[in-house]
Visitor: 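Starting off with a structure, shown below.
One-based numbering, in listed order, for ligands and for the atoms of each.
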Amino acid sequence: MFWDREIEALPRPELEALQLARLLRTVRRVGEHVPFYQTRFREMGLDPASVRTLADVRRLPFTTNADLRASYPDGLVVKGPEQVVRLHTSSGTTGKPKALFFARKDVDEAAELIARCLVMAGASQHDVLQNMMTYGLFTGALVMHYGAEKVGMLVIPAGPGNSERQLMLMQDFGSTVIHTTPSYALYFADFLERKGIDPRKDLRLRTGLIGSEPYTEETRQKIEDALGITVFNSYGLSEMNGPGVAFECSERNGMHIWEDDYLVEVIDPETGEPLPDGETGEMVLTSLSREAMPILRYRTRDITSIHREPCACGRTHARIERITGRSDDMLIIRGANVYPQQVERVLMRFPEVGRNYLIRLEGLDEMIVQVELSGATFDGQLEHLVRLQEQIVEKLRAEIMVRPKIELVAPGSLPVSEGKAKRVVDNRKL
Ligand code: ADP
Ligand code: ZN
């Protein structure tokens, strides 16, 4: 099932020709209308007219998170005739956020990409989407909302949190699809369990569009089991219009990235050198059809690899692997490099482990992992807990080369945030 078969299954030579035409146009536009890129090109001695092939993308400057912040509020906006109609921001941990501008065409194209993703996940106008992402300045909820309306779905703009109300909406309006983060999906599953609601019998949920933060295959499995739904991994970032950049098809073997709108590279984050297809590194994205605010070679810091072999679903657009983390997520604990995703992968393999965890770093490099137990399997026997604790320590030590302290805690007792989950608290005094 396709939303736009012609573009989704475009033969690769034609897809690449389209990419090239759009890349050249983008480079020309930013060279003419965006002072930030004019300065960069001048500093590098780059004549935009000398960019002629897709491989020439490597000669273009990177754009970083810091560049976006430094150009706040509108230093990267094309000073052209196209009317800017919408502003979004991306959360900053400190100080000013990043401001992202959309022209009319950008709003439409973002909705178009979401429509492709939704139909790819089997959704249609007969579905009811409960959109549990944060509305407001973030892209996550609004961009999905517009795309789902385009498909003709009934959209419930529920927003995040308030599980009682979420449940009521699901029951009263028969929601079949939810859009949320993995952490809230698991939290909500716990909530249903405590209420004695069996989603398979009592609700009509069928599909989860789950993204906006990294999660493992093991976590996907937990969400599917707990909610009785099929989970599709959904990837996006505000700098590239928000959700709808890459999304899983029915094969659920990597996420198709819409290459007519995004030129994707994977680089070595240390050297900045491009890596061959299939190798893992940092993903770099160039927007090919954004009008208001085109971005060249954006350093996403997201770690993945790219695959261009044909997909059984018939789409020709490349696939990226599940994001395993961000290059800036990496923790250094007693000299070892540790990604929170590695910890999650180990924990979620234990059936006794519940749905939330928190990594705490204390004192002089001490690692403590707080782990929620699962309500269903916990029998309250101390010896079982001690054995479980030991098993988790051993499995984690083998994976991350650090021996953590494990604290088992009651189901639902760790904090849950409405937006992205906070997996690490670093209180070290190093
Ligand atoms: P949004 O508001 O859509 O979440 P942000 O720009 O705030 O957009 O965050 C984008 C970042 O979120 C990405 O760069 C990536 O690190 C993370 N992210 C989004 N979706 C996924 C996903 N499916 N898997 C892993 N990480 C994701
Ligand atoms: Zn596919």
Visitor: Looking at Leu15, is its backbone amide N or carbonyl O close enough to the side chain of Glu259 to form a donor-acceptor pair, meaning the two atoms are under 3.5 Å apart?
Guide: no
Visitor: Taking the basic N atoms (NZ, or NE/NH1/NH2) and the acidic carboxylate oxygens, is any pair closer than 4.0 Å for Glu112 and Lys105?
Guide: no
Visitor: Does ligand 1 have any atom sitting under 4.0 Å from a heavy atom of Met133?
Guide: no
Visitor: Give the residue, atom name and distance (to 0.1 Å) of the protein heavy atom nearest atom 10 (C) of ligand 1.
Guide: Gly236 O, 3.4 Å
Visitor: Nearest protein heavy-atom contact for atom 4 (O) of ligand 1: which residue, which atom, what distance?
Guide: Lys420 NZ, 2.9 Å
Visitor: With the threshold set at 4.0 Å, does a side-chain nitrogen-carboxylate oxygen contact exist between Glu399 and Arg349?
Guide: no
Visitor: CG of Leu414 to CD of Glu372: how many Å apart, nearest 0.5 Å?
Guide: 4.5 Å
Visitor: Can you check the angle at the Zn ion (ligand 2) formed by SG of Cys249 and SG of Cys311? Round it to the nearest 10°.
Guide: 110°
Visitor: Write out the residue and atom name of the closest protein heavy atom to atom 24 (N) of ligand 1, then the distance separating them to 0.1 Å.
Guide: Glu213 O, 3.5 Å
Visitor: Is a donor from one side chain sitting under 3.5 angstrom from an acceptor on the other, for Asn233 and Arg220?
Guide: no
Visitor: Classify the side-chain pair Ser287/Tyr298 by whether it contains a donor and acceptor separated by less than 3.5 Å.
Guide: no
Visitor: Between Arg326 and ligand 1, which residue portion shows a heavy-atom distance shorter than 4.0 Å: side chain, backbone, both, or neither?
Guide: side chain
Visitor: Quick one: do the Glu213 and Ser183 side chains pair a donor with an acceptor below 3.5 Å?
Guide: yes
Visitor: Under 4.0 Å from any heavy atom of Ser234, which atoms of ligand 1 are there?
Guide: 20 (N), 21 (C), 22 (C), 23 (N)
Visitor: Determine, step by step, whether Thr219 and Glu344 satisfy the side chain to side chain donor-acceptor pair (under 3.5 Å) criterion, reporting the C-alpha distance in whole Å, the side-chain angles of both residues, the deciding distance to 0.1 Å, and the verdict.
Guide: CA-CA 8 Å; Thr219 296; Glu344 177 173 320; 2.6 Å; yes
Visitor: Heavy-atom contacts with Asn233 under 4.0 Å: which atoms of ligand 1 show up? List them by number with element.
Guide: 22 (C), 23 (N)
Visitor: Arg322: heavy atom below 4.0 Å from ligand 1, yes or no?
Guide: no
Visitor: So which protein heavy atom does atom 7 (O) of ligand 1 come closest to, and at what separation?
Guide: Ser90 OG, 3.6 Å
Visitor: Between Phe247 and Phe232, what is the ring plane arrangement, given parallel below 30°, perpendicular above 60°, and tilted in between?
Guide: parallel
Visitor: Answer yes or no: is there an ion pair linking Arg206 with Asp127, defined by an N-O contact shorter than 4.0 Å?
Guide: yes
Visitor: Can you sort out which atoms of ligand 1 are near Ile323, meaning under 4.0 Å from one of its heavy atoms?
Guide: 24 (N), 25 (C)
Visitor: Which atoms of ligand 1 are found less than 4.0 Å from any heavy atom of Glu239?
Guide: 6 (O)
Visitor: Who's the nearest protein heavy-atom neighbour of atom 17 (C) of ligand 1, and how far?
Guide: Ser212 O, 3.6 Å
Visitor: Below 3.5 angstrom, do we get any N/O pair linking Tyr215 and ligand 1?
Guide: no
Visitor: For atom 5 (P) of ligand 1, what's the nearest protein heavy atom and its distance?
Guide: Ser238 OG, 3.4 Å
Visitor: What protein heavy atom sits nearest atom 3 (O) of ligand 1, and how far off is it?
Guide: Thr139 OG1, 3.5 Å
Visitor: Go through ligand 1 atom by atom and flag the ones less than 4.0 Å from a non-hydrogen atom of Gly211.
Guide: 23 (N)
Visitor: Between Phe191 and Phe188, what is the ring plane arrangement, given parallel below 30°, perpendicular above 60°, and tilted in between?
Guide: parallel
Visitor: Would you indicate which of Leu137, Asp302, Thr300 comes nearest to atom 15 (C) of ligand 1 when only heavy atoms are counted?
Guide: Asp302
